[in-house]
Amino acid sequence: LLAPRFLAVQRSEKCIPNLSAHCRRESDLMAALQTPSPFAGTARRFAPRLRYLLLPTTMSLSSSIVSSRSRDGDGEQPLLPHSSLEIAGARRGLLAGFDSLRRPYRAFPVFASNRHVETIFAAFTRSLPTVAFRRECLRTPDDGAVALDWVSGDDRALPGDAPVLILLPGLTGGSQDTYVRHMLLRARSKGWRVVVFNSRGCANSPVTTAKFYSASFTGDLRQVVDHVLTRYPQSNIYAAGWSLGANILVRYLGEETDKCSLSGAVSMCNPFNLVIADEDFHKGFNNIYDRALANSLRAIFKKHALLFEGLDGEYDIPKAANAKTVRDFDEGLTRVSFGFRSVDDYYSNSSSSDSIKNVSIPLLCIQADNDPIAPSRGIPREDIKANPNCLLIVTPEGGHLGWVAGDEAPFGCPWTDPIVMEFLEHVHNETGSTSKNSVANEPQGVPKTSVPHLSEHV
């Protein structure tokens, strides 16, 4: 019943004067629908009314959660992850100590019945925390640039050895996304230093060469990790990624193997197998997501179109500039930029599912069984089980970047946030206060100014 109103809200998004045309977030799932709407108002104006309508349900759900906690605390229930969750991995026993996993996964009523409704609801009505950022732009070896958004003031507020968490948003996403900011604030409340890695062209990150980024390219992430390690040599560094950002992160972990500079990582909504994900992208309602993401990619491209003028070789610039699907954009531009023979070659050789077996640091993968963009059948379950460093949690619902469940549902943080921090803090306590990375990097003698960068405030 709510889905038509969500569609109407998106159709009115074009009326928001502050909406960045070239940095629509990945969770802006309906951006391709640009027909006029009979409804006025934006998602932010719609949310208060929705809160009023859902208040009785929210109170009922809160009561059931309290009741569940009371039952868990009477000594009769074993300290195990709840049976509503699929758990896999050699280290799954450590999850028994996570309080949030001992309760059943309860998707918020009204949205649990449909993965698309949950996905869209989270995209439009999840609260957007206010965060003051300080932006730092890094120059890459190929003269490109990426933007790092740090929490303003943390250089003075946090000790030099505070653990650092690097956040990798999904395709076209960045520090403006609700799910990114909620995770940032939770980590920050635990005393962690947090930085958002905005890929080329995302969140107003500058584009200075005829090259964006791809599911296979880990070079920018590698430079970001090295830069953070150089700046905070006494800190342990961790990373968490969503969707395409998770795919890039897991590929990086697999490439680095036992030389990885990170101390732990979390992957969420990872498509894992891009061939399977591409197949599902062209089915039914998923075509809406496909067109929305293509629209976001096209908008970023058009802002920087002059950089691509006169390119020879296999580039099909008109196809990328007018892409109706993500596959069109990847065929016209992405796969050529990164040296793949075809778009199918790009997808089959950019999947992170093949990287799991080479991961050598603690990695938690969280997926939703009903994710429309990261299909459950693409999860490399057997490789995760075989790798003693990996853990898998699959929730029965959640949609894509949704997970409208838990104590803060329906407008607060995703259900995953408390689990992510419980896992990372457990790994950090295991690792100890002395960073393994400071010893590893000491012989290199790299000064803080070794990585060219330009800072600006946003």
Side-chain angles (χ1 to χ4, degrees), residues 25-32 86 115-116 118-120 122-123 168-173 179 199 212-218 241-254 266-298 323-335 338 340 342-356 365-384 392-395 397-403 416:
R25 54 188 178 269
E26 180 179 8
S27 57
D28 194 355
L29 297 166
M30 308 301 293
E86 176 189 343
R115 59 183 181 170
H116 301 301
E118 184 168 11
T119 299
I120 296 167
L168 288 79
L171 181 62
T172 75
Y179 63 90
S199 293
F212 290 120
Y213 65 105
S214 76
S216 63
F217 183 57
T218 59
W242 295 265
S243 200
L244 190 72
N247 189 83
I248 295 171
L249 174 59
V250 173
R251 283 185 60 85
Y252 166 79
L253 300 180
V266 180
S267 161
M268 292 167 279
C269 292
N270 192 337
F272 280 116
N273 189 315
L274 300 185
V275 174
I276 291 177
D278 178 60
E279 290 174 358
D280 281 17
F281 232 22
H282 311 300
K283 297 177 181 178
F285 193 86
N286 280 9
N287 283 289
I288 298 295
Y289 306 133
D290 194 8
R291 292 199 299 270
L293 290 174
N295 185 68
S296 297
L297 289 168
R298 195 170 62 244
K324 301 299 183 185
T325 66
V326 173
R327 186 183 179 88
D328 286 345
F329 189 88
D330 289 339
E331 177 63 55
L333 184 62
T334 309
R335 68 94 181 169
F338 292 92
F340 294 97
S342 66
V343 69
D344 291 319
D345 180 44
Y346 165 49
Y347 291 155
S348 63
N349 287 289
S350 300
S351 299
S352 61
S353 54
D354 298 329
S355 302
I356 286 291
C365 303
I366 310 179
Q367 302 287 126
D369 190 57
N370 68 347
D371 193 318
I373 294 176
S376 179
R377 73 181 193 280
I379 301 173
R381 288 175 167 82
E382 295 308 313
D383 284 345
I384 291 175
L392 172 67
I393 299 175
V394 183
T395 59
E397 296 92 23
H400 190 71
L401 301 175
W403 282 305
T416 50

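Please read these numbers as outputs of a predicted model, since none were measured by experiment. Only heavy atoms go into these numbers, but all of them, side chains included; no hydrogens, no water, no symmetry mates.
For Ser376, the side chain to side chain donor-acceptor pair (under 3.5 Å) criterion is met by Asp369, Arg381, not counting sequence neighbours. Applying the side chain to side chain contact (heavy atoms under 4.5 Å, CB included) criterion to Ser214, with sequence neighbours excluded, gives Ser216, Phe217, Thr334, Phe338, Tyr346. For Asp278, the side chain to side chain contact (heavy atoms under 4.5 Å, CB included) partners two or more places apart in sequence, or in a different chain, are His282, Arg327, Tyr347. Partners of Asp354 by side chain to side chain contact (heavy atoms under 4.5 Å, CB included), not counting sequence neighbours, listed by chain and number: Lys357. Ser351 pairs by the side chain to side chain contact (heavy atoms under 4.5 Å, CB included) definition with Asn273, Leu274, Ser353, not counting sequence neighbours. Taking Asn270 as the reference, Ser267, Ser352 meet the side chain to side chain donor-acceptor pair (under 3.5 Å) condition, with sequence neighbours excluded. With sequence neighbours excluded, the residues forming a side chain to side chain donor-acceptor pair (under 3.5 Å) with Glu279 are Arg377, listed by chain and number. Partners of Phe212 under the ring-ring contact (aromatic ring centres under 6.0 Å, His included) rule, at least two apart in sequence or in another chain, are Phe308.
Note that the CD1 atom of Ile276 and the OG atom of Ser348 stand 12.0 Å from one another [nearest 0.5 Å]. Once rounded to the nearest 0.5 Å, the distance linking OG1 of Thr325 with CG of Asn287 reads 9.0 Å. How far CG of Leu253 is from CD1 of Ile248: 12.0 Å, rounded to the nearest 0.5 Å. Considering CG of Asn295 and CZ of Phe329, their distance stands at 11.5 Å, rounded to 0.5 Å. Rounded to the nearest 0.5 Å, atoms CE (Met268) and SG (Cys365) are 10.5 Å apart.
Two residues are said to be in side-chain contact when any heavy atoms from C-beta on lie closer than 4.5 Å; Phe281 and Pro372 fail this criterion. Between Arg115 and Glu397, the closest side-chain pair of non-hydrogen atoms is not below 4.5 Å. With contacts defined as side-chain heavy-atom distances shorter than 4.5 Å, the pair Tyr213/Leu244 qualifies. For the pair Tyr252/Ser355, no side-chain contact is recorded, criterion being any heavy-atom separation below 4.5 Å from C-beta on. The closest side-chain heavy-atom distance from Ile356 to Val250 is below 4.5 Å.
Under a 3.5 Å cut-off, the side chain of Arg291 and the backbone N or O of Lys324 do not form any donor-acceptor pair. Side-chain atoms of Asp330 never come within 3.5 Å of backbone atoms of Val343 as a donor-acceptor pair (strictly under, hydrogens ignored). In this structure a side-chain-to-backbone donor-acceptor pair under 3.5 Å is missing from Thr395 to Gly398. Judged by distance alone, the side chain of Asp383 and the main-chain N or O of Pro380 form no donor-acceptor pair under 3.5 Å.
Taking all atoms of both residues into account, the shortest heavy-atom contact from Gln367 to Phe272 is OE1-CE1, 3.5 Å. Here the closest heavy-atom approach between residue Pro271 and residue Ala374 is recorded as CA-CB, 3.7 Å. The shortest heavy-atom contact between Leu249 and Val266 is CD2-O, 3.5 Å.
Under the 30°/60° scheme for interplanar angles, the aromatic rings of Trp242 and Tyr179 are found to stand perpendicular.
In this structure, a donor-acceptor pair under 3.5 Å is absent between the side chains of Asn286 and Asp290.
For His116 and Tyr289, the distance between ring centers is under 6.0 angstrom.
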